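All remarks here apply to the structure that follows.
Lettering of chains follows the sequences in order, A, B, ..., and the numbering in each one begins at 1. Everything quoted here is computed from the prediction, not taken from an experiment.
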Amino acid sequence: MTDARNAGLQSILVLAAATGVALLPRHLDLFALMQVTLFAAMSVLALSLAFIWGFGGILSFGQTAFFGLGGYVYAIATINFGDSTNAILLAVVLPALFAAALGYFVFYGKVSDVYLGVITLTVTLILFNVVNSTAGEVYRIGIARLGGFNGIPSVPIFNMPFHPEIPLSPEASWWITGGTLIALYLLLRLILVSRFGRIAVAVRENETRAALLGYDTRLVKLGVFVIGGAIAGLGGALYVNWGAFVGPTIFSLSLSAEIIIWITVGGLGTLFGPIVGCFVIQFLVASIGSQQTFNSNLVLGAILVAFVLLLPKGVVPTFLLCLVQLRKDHRARPNTTAPKERAMQVN
Amino acid sequence: MDLAIILALDVLNGTASLFLLCVGLAIIFGMMKIINLAHGEFVMLGAYATVIATNAGVDIWVSMIIVAPLFVGLVGLLIERCLIRFLYGRLVDSMLATWGLSLLLIGLVTTIYGNTMNGVPTPLGGFQVGEYRSSWYTLFLAGMAVSVMALVYALLRLTRFGLIARAVMHNPNMAATLGVNPDRVYMITFGIGAGLTGLAGGLLAPLSGITPVMGAAFIAKCFITVVGGGATIISGTLTASGLFGLINQLGAYLTTPVYGEVILFLSAIFLIRILPQGISGRFFKGMS
């Protein structure tokens, strides 16, 4: 598979996805449409961690910090402005700034990987604790009450840009959410083929070597982290638009764990895999929720343990490896590129 | 004056419970380089074992000090054999797998016992300090913390097993050449760490709400304490518990318990930021 064919395959996939997003409302009832809208909003979150972990080598246990911040910023801003257009913008900018501040603190302090995990986890817990204790009249920003543990109910959903009197229909919400997901996928692809993206992957592979070649690895990591934060913030706004509600559980540890499960199941080091993982796992959790025999934590935990032990690469890379292997056997001629590298390229 | 005594008792209480909670994690993390994200669930299992044994008619002291560590220690051995032993040297994978394990244990306990459980009453009662009241149990916790500290020190420094364990952690291949089976040492060390965590769960059972997700409340505190503590298990954990226990209680006294925790977390982040290489460099020497 040459690069050109690879790019061709990807364009076909993206086109197919875009057609799917456009046509889906005709084939689904309202409930199912809302479900996939939620899945797509969560996939944006999955994409943000897939990028910083899979391509930047930064394992953040607290990606929900930016997701939740995005959600809260959107809710507070849209209640105050009465118009969602600038609120969405703020929900991207503020988490990105927060990521920049945290990232500066962490990467420029040369905190090692494991401690990065501990720090991001702790930051998420701090946000949870703080937001959780904001019940009462005192805690309000503008006219938006923070509501403590109860969260902010009846947040206005997205409206037509600069026309607050026309809220979006569920179909339009789906188009926005699904469309954003595809657009972000393309954007990240573009970033990855750019100079910055290639340096980021180099830093992931060997930070010392990249530094010795003259790249400022701290700055590169910070850039990756900020992009991840911005995307997660946007995901938060999409999530709040879906449910018209935001509460402190958005910062919860279980959601952080779930993102990591999506990526481990779908395949670390790919962008497509985590989206697949996100849809599959969320569908699974939703199905578990409607019956009583198994507890969803039990199933999720078992899945994560099983994947780490038995299929650490994840579903999508393993599937591609098998595919490449099959083609190779089929052609029965020696191939110069290593299968592993090629599988990475396809994604 | 009375207030000062009460505050001092609070700080003592915070330090002792933090030390008890962290020492098991410190052993597993410091000696085996395994980050056990299911640590909070080990605490939860210890608490459940205590409550269930007490409700079944076992004396509360026996169920706290014997049943809980024994049960969680055995669970730890089982988990080490089935899961952890495949993950030595794979730091990130071990974090992911133990996080999965933590969800699995929460799910399992929820399935069996439901979302809540009746706790056990705090034994020993209280005493009067001027116009304030405090509980004898606080002093008992401090006593237990000191005993555990002495026990771990004696085990690591004075026994043959401690010598072998330290040798294996230092250089497993060399120890294996000398006829030690590193696999067995890892297994037993993990069991001891789990058992001590179970003991902490048992001792804190009368003080905490018993739910399947109670572990989440401890996990972050334990991690920052162990990370802040540094390479040496006893002195590191002790100094960090003392420091963070003090910060937490004073913060809680001056503001609210919630902001006390926030202040604790913030100061921990700054501590890790100020001493990143010093601690990690010693912990992960020769590792990725």
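Y48(B) and Y113(B) have tilted rings, their planes meeting at an angle from 30° to 60° on a 0 to 90° scale.
Using a 4.5 Å cut-off between heavy atoms, I219(B) touches chain A through its side chain atoms alone. Residue F307(A) does not touch chain B at all, counting heavy-atom pairs closer than 4.5 Å. Heavy atoms closer than 4.5 Å to chain B are found in the side chain of L59(A), but not in its backbone. Residue L105(B) does not touch chain A at all, counting heavy-atom pairs closer than 4.5 Å. Of the two parts of F265(B), the backbone and the side chain both hold a non-hydrogen atom closer than 4.5 Å to a non-hydrogen atom of chain A. Only the side chain of V92(B) comes within contact range of chain A, with at least one heavy atom under 4.5 Å from a heavy atom of that chain. At a 4.5 Å heavy-atom cutoff, T120(A) makes no contact with chain B through either its backbone or its side chain. If you measure heavy-atom distances from L127(A) to chain B, you find no contacts under 4.5 Å at all.
Between chain B and the options A302(A), S254(A), A257(A), A306(A), heavy-atom pairs under 4.5 Å are most frequent for A257(A).
Of the possible polar contacts, none joining the T98(B) side chain to the L101(B) backbone as a donor-acceptor pair under 3.5 Å is found. A donor-acceptor distance shorter than 3.5 angstrom exists from the side chain of H39(B) to the backbone of L21(B), with no hydrogens or angles considered. A donor-acceptor pair is defined here as one N or O able to donate and one able to accept, closer than 3.5 Å; such a pair exists between the side chain of S267(B) and the backbone of I263(B).
For R81(B) and D183(B), the salt-bridge test passes: some basic side-chain N is under 4.0 Å from an acidic carboxylate O.
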Using the side-chain hydrogen bond (donor to acceptor under 3.5 Å, both in side chains) rule, take Q63(A) and S256(A) through it: C-alpha gap first, then chi angles, then the decisive distance, then the call. CA-CA 7 Å; Q63(A) 202 62 11; S256(A) 290; over 6 Å; no
Is there a side-chain contact (heavy atoms from CB on, under 4.5 Å) between V123(A) and F98(A)? Walk through the geometry before answering. CA-CA 11 Å; V123(A) 167; F98(A) 182 62; 3.8 Å; yes
